[in-house]
Every structure is written in C-alpha cells, then in structure tokens.
Amino acid sequence: MMLSRIADSMFWIGRYVERADQTARILDVMLQSITEDAPQDVPAACSRVYELFGSWAADDADLTVQRVLDRLVTDRQNPSSVAGALRTARENARGAREALSTEVWESLNTTSMGMPRGVRPSRMHGAFQFAKDRCAVVNGLVDSSMTRDEAWLFLRIGQLLERVDMIARILQTHDLADSSDAATVMLLRSCSAHEAYIRSYRGRVRASHAIEFLLLDSIFPRSAAHCLLEIDEALETLAKLHGSSFDRMGTAEPGRRIVGRAAASLRFRSLDDIVADFEDEMEQLQKVTGAVTRALGTTYFHPAT
Amino acid sequence: MVGMPSTSLFQNVEAGAGGDEMFAPDASVRPTYAALHDALAGLGPEEFRSRSESLAHSYLDQGITFDYAGEERPFPIDAIPRVIDAQEWSRVSRGVAQRVQALERFLDDLYTDRAAITDGVIPQELVSSSTYIVDAMVGYRPPNGVRIHISGIDLVRDGAGEFRVLEDNVRTPSGVSYVLSNRRAMAQAFPELFAPRPVRRVGEYPGRLLSALQAAAPDVADEDPTVVVLTPGRYNSAYFEHSLLARTMGVDLVEAGDLVERNERIYMRTTAGLRRVDVIYKRTDDDFLDPEVFRPDSMLGVPGLVRAVLAGTVVVANAIGNGIGDDKLTYTYLPDLIRYYLHEEPILPNVDTWRLEEPESLTEVLDRLDELVVKPVDGSGGKGIVIGPAASAQELDALRGRLLADPRGWIAQPVVQLSTIPTLVEGGPECRHVDLRPFALNSGDDIWVLPGGLTRVALPRGEMIVNSSRGGGSKDTWVFATDRPAPAGTGTASAQAQSQSSAEEERIEDPLDENYEEYDDLPEDHSEEPTREPDPVTSAIPLLDLQDAPDPEDDRNVPDPGAGPAGSGADGIAAAGEEEADDAQ
C-alpha cells in the first residue's frame, strides 16, 4: 500500500519516460527520411509528423524540419516533446523521490537537464541518440535497482500503456494502401521493430505480416498484444498485493476487464477483420489506454473514501 | 609545512584581519585547523578548484536545490570545511541541550500553569501581546510531554571568539538535509581530508529523528506507529529537505491533500484506502495547518487536524503553538528562564539585546539606530532585518517610524562581528562570514545534538546575513572526536572511564573505508526482541548434495593440461602443509 498521489506520479513517470523514448525513436526515423529524401513534399511530411503526435501546424512556417524539432524535441513546455516529457517525468519524480531509488532519480534529473535547448537538423541524430540512451539508462536502473513493489508496478503499467498508445498512433497514420517495401520498412523502423521482424520472418518484408507482427506477436516486447498481456499480469499482481480475494474470473477489476477484452479482441479475430476499418480500430486501441488510465484512477489514484 | 602550495592556495586570505577561524591575527594557522590546512594546501590550487567544481556538479546532478522566487536553484557548498574541536563542541552541545530543555519547560508552563508569569520571571504582556500563543492548544500536553522534537539553535562567534546564541528555532528549523548532503559530497570529493583527524559522523540523524518521532506517538498507536512527514509541496523552498528526511527515515512524505480527518482521527489516502497516521512531522507553518482553527483560506491545511490532536489520536511534531518559543522577545528572557526552570547558569550566552517595549531602551535604540541591528520578533530567513551601519538615512527614518508604532514587534542588537572562514570565491579562498545552526532532537528520554550542524556562509564580501535567500552557501562542519584515552597509568580512573564511554558513542567518518555508508542503520531497540525462532528446516539442507558434487580426489587427479605433473603436485603439498599448520595453532 502506498500514497495514492505517489502511485499516480509513478504511473506518469513510466508513461513520460516511455513517451520521450518513443518520440525520439519515431522522429529519428521519420525526420531522417524527410531530410534524406529530397523530392519528398516536406510540408506534407511534416504535417503527418504533427498528426502522429496528436499535434498540428499552427501555420505554414511550422512545416519545416527545424520547426518540428523545436516543437516536438526541445520545447520544454510541451509535455509531449522529448525534452518536455523528460521534464514532466522529472517533475513527477521530484514529488515522489522517496518511492524511487536515488540512482533512478539522479539519472532522470541529469537526463532532463542534459537535453539540448535547441537542435539543428544536421545534428538531430545525436540528440535522439542521447535521449534514447538516457531513457535506456533510466529503464535499466528501474529494472536493476527498484523493488518489484507497487511503486514499480505502477511505473511499469504506465510504460506499457504508453507503448500501446504509441503503436496505435503510428499504425493509425500508416497508409495501408501503400504496400510498397519502402513504406513497410519505414513503418517497422519507426516502431523500432525492423530487425526483430527480419529475424522472425526471415527477411521478406510484407505489409500484412508487418501489421500482424506489430499488433500480435506475443514475444516481441513492443507489440500491442505483448504489452496488453504484460499489463494484465501487472494488474493481477497489484490486485494480489492489495489482498483482493481470489479473482477467479479475472474480471473483478475494471482495468483488467478492459485490457483483457482488448487483448482478446486483437488476438482472436482474423487480421482481415481488424484491418477492414483499420483507422477506427487503432482509434479504439488508443481509447483503451485512456480507459485503463481512468480505471486505475478510480481504483488506486483517487479511490472514493 | 611545504611553503609554496600553501601560499598560493590561501594567498588572498587577508592575514591579520582577526576573527578568522582558520588563521590567527598573526597569520599563523590555528591548531584546530592545522591538519586540514596542510591537507588542503597540499592539494594545490588547481586540484582544489577542479575538485570543488566536481562538488558543485554533483549537487546539480543530485538535485540538491532550494526554491527561491519560484525557481529551483542549487544550494552552493563550499569545499573548505569548518572545524570545531572536541572540547569546544562538548560545551556547545551541552549549551544547546540546556536551552532546548528550558524552552520545553517554558512552553509546557505557558500552555498549562503559567507559573513563570505568576512568579514574575516574564511579564504577562509577553504572552498577551504575542501572536504566537495558539488559544486552541492551551491546556494540551503531548503524550510523552515533548513539544520540541526538532530544534535548530543559531549561534555566532563574537569578536572574542565566543559562541553566542543569535536565535532559537523551535517551529520548523530547516537545513539538516544540507548537513547530510554536504558530508556525503565532501566524503566523495575529498576523502583523504578525513584521514588525519577523526571527524564525528552525522549519518545517524535520520535514524535518531525517526526514533524521536516514534517515541512521541499517542498511546492509541500500534506498537509500530505510522510516522509521516507533512510538506507544503514541491514548490516549498525546503522541499528537497522534506523529501530527503522522509526517504532516509523510510516514511511517507505527504501533502495536506493526502491526509483526511474522520472521527477525530487522521488518515492518509493510499492505494488501499484510508490508513491511520500516528505522528506527523509537520514542515508547514501553524497558520496553514488546519483551516478550522487557523487561516480558513489555507489550501495547505488538513481540516480537523487540531481536533484530532486535542483528542489525543495523533501527535504533531513540533507541537502546534511553539512559535512563542522562538519569538525574539522570548529570546531575551531565556537566560532568566534557564535559571528559573533548571536552576543552572546559561552555558551559552545571548547576544546583548534591547527590548524596545521598555521606554528607556527604545529611546537609546532610536538614538543609536545607525550602529545597531534591528530585527522583527517574528522574522525568519533574514526577513525584515535592518543593519544600521549599512542602511541609508531614509531606511533608518522609515524604521524609526515602525519602531515607534509597534515597539513590541522589534528587538535591537549590537552589530556582532561574525567570525570568518576562508571560502572559495572567484579568485581563490577569501574570508567570508559564517554562522552555525546545530540541530537537537528530543526523544523525551534525552536531548541529542547532531555533531556539528549547518554552517552557513555569506558569499558576498562583507555580507553579514548568511541566509540562502540572500545568496548564502554552506560548509561541511567537522567536529573532531574526543582524543582517545591514553594507555593505563595516566589520568584518574573515572576520567578514563568517562572518556572511554564517550569515545564509544562517537562514531567516526571514514570515507576511505570501502564499506563506508552514508547513513547508519536505524538504532534498534533490542530490549524487547522476541525469542528467536528455530532455524527453518532449509538451513539443515546443504546447498549441494555431496553425491552430486565431483569427488575432490578425482578433480586433483585430472591432469591440468597447462601445467606439468611435478608443478601441480608440489602445489598440492604446499597447500596441505599450510592447512596443517593452521590446525596446529
């Protein structure tokens, strides 16, 4: 048992570190491709990048790689930029230091302070690399220095939910009609899944396989199904820690019901059914993450007293 | 001593200025500082500066900051420690404990019988004119009688080198976290400086604090009372400290919104519902504690907290209503109060002080305003202080008006020429003014004074106000351990026994030891340890079944492909021979 406020903070630390990491990974791939691919329509490509992150261009001046970097990488006021997410994670950690190991706190603190204030397109890969490396350090320290108690479980659930949310966003903006190898490779790379896919499918890149892999592969740690199953497990452990009487159906807790239903729906329908209205399905998947967040709120973060 | 490096490191320290703790007026190094001075000088200016920079950097990395005007700033630590010798410290710590004891008696008296007023030790007006008496708490006495669980007594060295008390802090004294972090940082950056003379440890503070708070628990609490630290939130200037104390004690750090009163009991909101709280170490001002009793507009308060305290179901540390204890007018009576309650002479003198409510004092002070320091009785953090010699004519005129309007609100003191210690600034170490805040913990059984305390240093040249909000920094503060007793034959038996027992209590910093730990284990109460349970069966089961283990004989007989047979044989014999030799001893 722990303070509800701290549990809430742990959850958001998990989400924001993952958001910083994923955002850096996605932008690294997408912006690289925009700058390398000269004939591409840069404003349109930038506009797609904003859309992916639930943002939009205020005017045409925003539709350059430099502006994307300013807004989605270094803007500390935007909690969905890389630096902003790290700063928000750090602020949450500052309010929850007694629940974190000193190593995790210090590494979040130095990571947040170390993010550059401005990045040029020619140097952006270094900034992304920094953010990815530092998030890996934070995650590694969480893994090696924190007790597997409630605090850790909330952090972990936050991380996994954010991952599901991100993959749903990427898939939602992906153009299914474009089944070219290049587009499929881009999709896999923005999900940091290209290498893993190649090993599983022995080299042949096919659009339908890629979607299947990203959504359903049970042992790829970034697939939606894998994350949902892990969340279910974490929620079960949480319930056990709270001494809830044995939940034979596994449905007593609203959070588990939502997660279980989403996982089953993804895994036990045919892929054709899922891609029939793919954009809407991915929208639903994002709503699942919101619903789980609210369920955690009523069960743990703001329980009625 | 090696001449060159020392002159180059300390070349900017104005020798002969007087009042410096490291250098005597004749520019020689005082004996207490000799070992430290030589060790620092031995590092040389470049090495010293680079290690100082790593010290500052480590503070940023650790997030050791204070909030000033809504901005998170690092709290500067200076790499040259302050040193206090064992004998002087023994007097200071006895003096601090004596003061806390007298203040405990005073507060208890004021909130119950008010005998000190009846006996004419303090005037009725001290109480009736104070805004710090909390009417709701009159008649309340905490379960173990302690009201000042944590205190910080501010000391300065006057021109003669004597420690004097500048003010008492018995509400929410802050700064102890910097004592702990300063020591950790110094032990990391300058481990070898600790080697020449034994420095007493500070790492037992969190454990002692937890014990004192647990000892204060109400009678209704379980055997293992639930202690929490109550913070106004992460934008409070001392948030870092609140967090560090909660973390090192292993208790929850709560905000007011985490607490709720139900049926005159206090609970915290947890992921498993409401959980009882027994002791609250509050780090908010009384005014913001409970909107039912104090400011109704407070968002930081817990409605019903005072009712729960009065019902005896929860204890707040320090006690609500302690403000009258560090009222600066109360301060002026403290020497009398020590004599009255304890029948002892004060060990640490006050700084001479005029009470402006006395007409002749007011007249004298108004006459000499340009040479005195005038302080509001309820100020802290250096707020509202006017230093006469440094003030402009307009400032003094404005002050004169305020004193005439509200003489009870002010005291005046002569300018105390604070002592200095060399401190690293832009061009190298220079003399800067310092004060000292020792911290005391009262568990009800005894008053323990943390060896050393917080030395604050005013970084601007000549500045006398050392508060962090005025650009102050801090120094690690070293108290040397008592010299170990000489071998038998010298000194009387009783003196020896005494110094031995005190040497046992005095734990020493040893950062060069590979097992060096930042904090001590929490002191355990062994008196009621339950009888040990029998070893579980598993301890009788060897990790490896002998039958599964390879036969050592076989192992030895397998020829080592890398070594000749003669060599391995000789090794085997030598090893066996040694074993026998061990057995024989």
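Below, chain A is the first sequence line, B the second, and so on; all start at residue 1.
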Listed by chain and number, what are the side-chain hydrogen bond (donor to acceptor under 3.5 Å, both in side chains) partners of D8(A), not counting sequence neighbours? W12(A)
CE-CZ distance between M2(A) and R275(B), expressed to the nearest 0.5 angstrom: 12.0 Å
Quick one: closest heavy-atom pair of E91(A) and R234(B), and the distance? O-NH1, 3.0 Å
Once side chain to side chain contact (heavy atoms under 4.5 Å, CB included) is applied, do any residues pair with R5(A), and if so which ones, sequence neighbours excluded? L3(A), E255(B), D258(B)
Heavy-atom contact with chain A under 4.5 Å, split by part of Y267(B): neither
In terms of heavy-atom contacts, does CZ of R148(A) have more than 12 from other residues, nucleotides or ligands at under 6.0 Å? yes
Considering all heavy atoms, the nearest V251(B)-E98(A) contact: O-CG, 4.2 Å
Between chain A and each of D252(B), V254(B), L253(B), L60(B), count heavy-atom pairs under 4.5 Å; write down the option with the most. L253(B)
Heavy-atom contact with chain B under 4.5 Å, split by part of A99(A): neither
Might you point out which heavy atoms bring Q62(B) and N109(A) nearest each other, and give the distance in Å? C-ND2, 3.9 Å
If you tally heavy-atom pairs under 4.5 Å against chain B, which of I6(A), T110(A), T102(A) wins? T110(A)
For a side-chain contact (heavy atoms from CB on, under 4.5 Å) check, start with the C-alpha distance between R97(A) and L244(B), then their side-chain angles and the critical distance, and finish with the verdict. CA-CA 8 Å; R97(A) 281 203 52 189; L244(B) 180 133; over 6 Å; no
Heavy atoms from other residues, nucleotides or ligands near CG of N263(B) exceed 12 (cutoff 6.0 Å): no
Counting only heavy atoms from other residues, nucleotides and ligands, does the tally under 6.0 Å from CD of E233(A) exceed 12? no
Side chain, backbone, both or neither: which part of F154(A) has a heavy atom under 4.5 Å from chain B? side chain
How far apart are the closest heavy atoms of T271(B) and A7(A), and which atoms are they? CG2-CB, 3.5 Å
